[in-house]
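Since this is a predicted model, take the numbers as computed values, not measurements. The figures here come from the full heavy-atom set of this structure, side chains too, leaving out hydrogens, waters and symmetry mates.
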Protein chains: 2
Amino acid sequence: MKFVAEIDIMPHKELLDPQGKAVVNNLKHLDLSDVSDVRIGRHVSMTLEAASEAEARQKVDTACQKLLANVIMETYHYQLNRGE
Amino acid sequence: MKFVAEIDIMPHKELLDPQGKAVVNNLKHLDLSDVSDVRIGRHVSMTLEAASEAEARQKVDTACQKLLANVIMETYHYQLNRGE
């Protein structure tokens with residue numbers, strides 16, 4: 001079965017996100033001073049084959065923990081959808 | 001009212017994504033050769049104040065089009081949630 005995992009990898013809430021802070025500051029110049037917080041991470045869309053949803057979740061977790069996310073500084077969560 | 005927009009900014013489907021290709025190749029070394037496609041973009045979590053949902057959507061669209069996304073090479077879509 002084909003699955004598509006939509007993964008969000010974000011910096012931990014406790015950590016400063018200087019890129020997000022820079023965006024907040026720059027949005028003020030676009031008259032968007034109502035934006036109080038921005039945090040910037042990565043979005044990964046992954047297509048994979050697996051025999052079951054449990055196996056797919058295991059594969060996505062392995063990929064995130066070993067390659068995609070730095071689990072010391074980042075958290076990841078994902079949504080798994082059946083692909084066509 | 002407070003809103004939180006969860007924005008995904010991804011490279012257009014028609015464009016090559018070399019970063020994603022590199023991830024697919026490297027996942028093979030983790031015994032994850034069942035992963036057929038990876039595309040990598042950005043995820044932005046934005047907290048903002050707005051009088052209504054329509055106003056919030058307008059603000060998020062302005063921020064995406066003018067600052068966050070390069071609409072020539074990227075598409076964005078987002079989900080708007082009420083913040084606490």
Heavy-atom pairs under 4.5 Å with chain B, option from A:K66, A:R42, A:E6, A:Q19 with the top count: A:R42
Atom group of B:L27 that falls short of 4.5 Å from chain A, counting heavy atoms: both
Min side-chain heavy-atom separation A:V4-B:D37 under 4.5 Å: no
For chain B, the option from A:T47, A:V24, A:L48 that forms the most heavy-atom pairs under 4.5 Å: A:T47
Same apolar cluster (I L V M F W Y, side chains within < 4.5 Å links), A:I9/B:I9: no
Engaged part of B:L68 at the chain A interface, taking heavy atoms whose separation is under 4.5 Å: side chain
Option that, when pairs with chain B are counted at under 4.5 Å, heavy atom only, ranks first among A:N26, A:I7, A:D8: A:D8
Gap between atom CE of A:M46 and atom CD1 of B:I40 - 0.5 Å precision: 8.0 Å
Distance, nearest 0.5 Å, that separates CG of B:L32 from CD of A:Q58: 9.5 Å
Enclosure of A:D31 CG (heavy-atom neighbours >12, cutoff 6.0 Å): no
Cluster overlap B:L15 with B:M10, hydrophobic side-chain contacts below 4.5 Å: no
A:N70, CG: over 12 other non-hydrogen atoms inside 6.0 angstrom: yes
OG1 on B:T62 to CG on A:L30, rounded to 0.5 Å: 8.0 Å
Close side-chain approach of A:K59 and B:V35, heavy atoms under 4.5 Å: no
B:M73 CE: over 12 foreign heavy atoms closer than 6.0 Å: no
Among B:R39, B:H29, B:K2, residue most engaged with chain A (heavy-atom pairs, under 4.5 Å): B:R39
